[in-house]
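This report refers to the structure that appears directly beneath it.
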Number of protein chains: 2
Amino acid sequence: MKVLSKATIYGLRALVYLASKKDRTGYLNIGEISEKLNISFHFLTKTFQTLTLHGILESYRGPNGGIALKKPADQIFLTDIVHILEGADFFDKCLLGLPGCGVEAPCPVHDFWKDAKKSVKHEFDITSLAELGEKVSDERMRLVS
Amino acid sequence: MKVLSKATIYGLRALVYLASKKDRTGYLNIGEISEKLNISFHFLTKTFQTLTLHGILESYRGPNGGIALKKPADQIFLTDIVHILEGADFFDKCLLGLPGCGVEAPCPVHDFWKDAKKSVKHEFDITSLAELGEKVSDERMRLVS
DNA sequence: AAGATTTAAGAGTATTTAGTCGCAAAAGAA
DNA sequence: TTCTTTTGCGACTAAATACTCTTAAATCTT
């Protein structure tokens, strides 16, 4: 069940990594992140640019530069990131991709899908980077390798 | 929120259409279906071939040939179709696409995603073509145009 | 048997997504 | 000022997905 594009997946992983490094002050080097997470440097850079542009990150060039979360990790939710990287209508699309499908003329699967989607959206809405970052520092994954 | 490939979306729409035509006996012409649903004939044909191969449809060549559901519509569930067209591991994948992510070494979002995914899977498991076909005949969509 | 109809199958094309590369711009260090 | 580090940004390449076209095979009709 593929839901997110690679750009979003990479962005998410990197942000979770950032959130898990909350002790470290200052900027985190993109090169280092891409290496640790085994993600293409240039690809990740582009995604970070988007996130910087949308106020999730702040960046700084030059030695000891890099990126940092612009807001506390507990104020950034999955929904925010997904909306920025996948589009604002991410949760509004019809499962069957029917253009006219909506409240007035729902497609056959609309109702059933609406419920399932709602529960996914709810998880995205309440899950913050801080929460996910905690789990990483709990040594429960090799995301940080 | 894109979940399904176009092939699956088209296949689903066509199957729902088929299910809604339960009064009609015999085979339904692929050309007619593709025209009614505004889906590329050749593309749809390939998807139907896959579904025929996997026992969802039966096909017949020659005049008055076409395709028909091989089983009653209330015995075909979304899960079946999705597994055939998207792969058997459709509901088993990690949201972040981490290769090693699983029960033993869950990734940070694994737990939260697991719950959301479970509810989607449940809807897929209990929703049959018959149910969706009913809704179409209820004139609630322009799927049949 | 010959021709028409309709699915099967595979090759070919186009579009989208993913990933790479090179250089410009900002900032610090020597 | 010049060199080094590091992000910004645009162009390019590769791969995956979506779509099209042609021909073969099955079946019916005449």
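What you are looking at is a predicted structure, and each value in this text was computed from that prediction instead of being measured. Residue numbers begin at 1 in each chain, while the letters A, B, ... track the order of the sequences.
Remark: P of dT7(D) and CG of Leu18(A) are 11 Å apart, rounded to the nearest angstrom. What separates CG of Asn29(A) from P of dT4(D) is a distance of 18 Å, to the nearest Å. Note: CD1 (Ile67(A)) to P (dA27(C)) measures 17 Å, nearest angstrom. Note: NZ (Lys6(B)) to P (dT20(D)) measures 12 Å, nearest angstrom. Per the geometry, OH belonging to Tyr27(A) stands 14 Å off P belonging to dT6(D), to the nearest Å. Summarising the geometry, the separation between CG on Leu57(B) and P on dT7(C) is reported as 12 Å, rounded to the nearest angstrom. As a whole-Å value, the separation of Gln49(B) CD from dA24(D) C1' is 12 Å. Distance, Ile9(B) CD1 to dT17(D) C1': 12 Å, rounded to whole Å.
A continuous path of hydrophobic side-chain contacts links Leu37(B) to Phe41(B) [ILVMFWY only; heavy atoms under 4.5 Å]. Note on Phe77(B): it does not cluster hydrophobically with Val136(B), by side-chain heavy-atom contacts below 4.5 Å among ILVMFWY residues.
Ranking dA8(C), dA11(D), dT20(D) by closeness to the Ser59(B) side chain, first place goes to dA8(C). Distance from the side chain of Phe43(A) is smallest for dT20(C) among the nucleotides dT7(C), dT20(C), dC19(D). Side chain of Ile30(B), nearest nucleotide from dA11(C), dT20(C), dT7(C): dT7(C). If you check dC28(D), dT20(D), dT20(C) against the side chain of Tyr60(B), the one that comes closest is dC28(D). Side-chain proximity of Pro63(B) to the nucleotides dG8(D), dA4(C), dA18(D) is greatest for dA4(C).
Using the six-membered ring where Trp is involved, Tyr60(A) and Tyr27(A) have ring planes that are parallel, under 30° apart on the 30 and 60° scheme.
For Tyr10(A) and Phe43(A), the gap between ring centers is short of 6.0 Å.
Mapping Lys2(A) and Thr52(A) onto DNA chain D via the closest heavy atom, the residue that lands nearer the 5' end is Thr52(A).
Below the 3.5 angstrom threshold, one finds no donor paired with an acceptor across the side chain of His42(B) and the base of dG10(C). Applying the 3.5 Å distance criterion, the base of dT7(C) shares a donor-acceptor pair with the side chain of Arg61(B).
At least one side-chain nitrogen or oxygen of Ser40(A) sits closer than 4.0 Å to the OP1 or OP2 atom of dT20(C). Dashed line: the shortest gap from a side-chain N or O of Tyr10(B) to OP1 or OP2 of dC19(D) is under 4.0 Å.
Remark: Lys6(A) does not engage Glu86(A) in a salt bridge, criterion side-chain N to carboxylate O under 4.0 Å.
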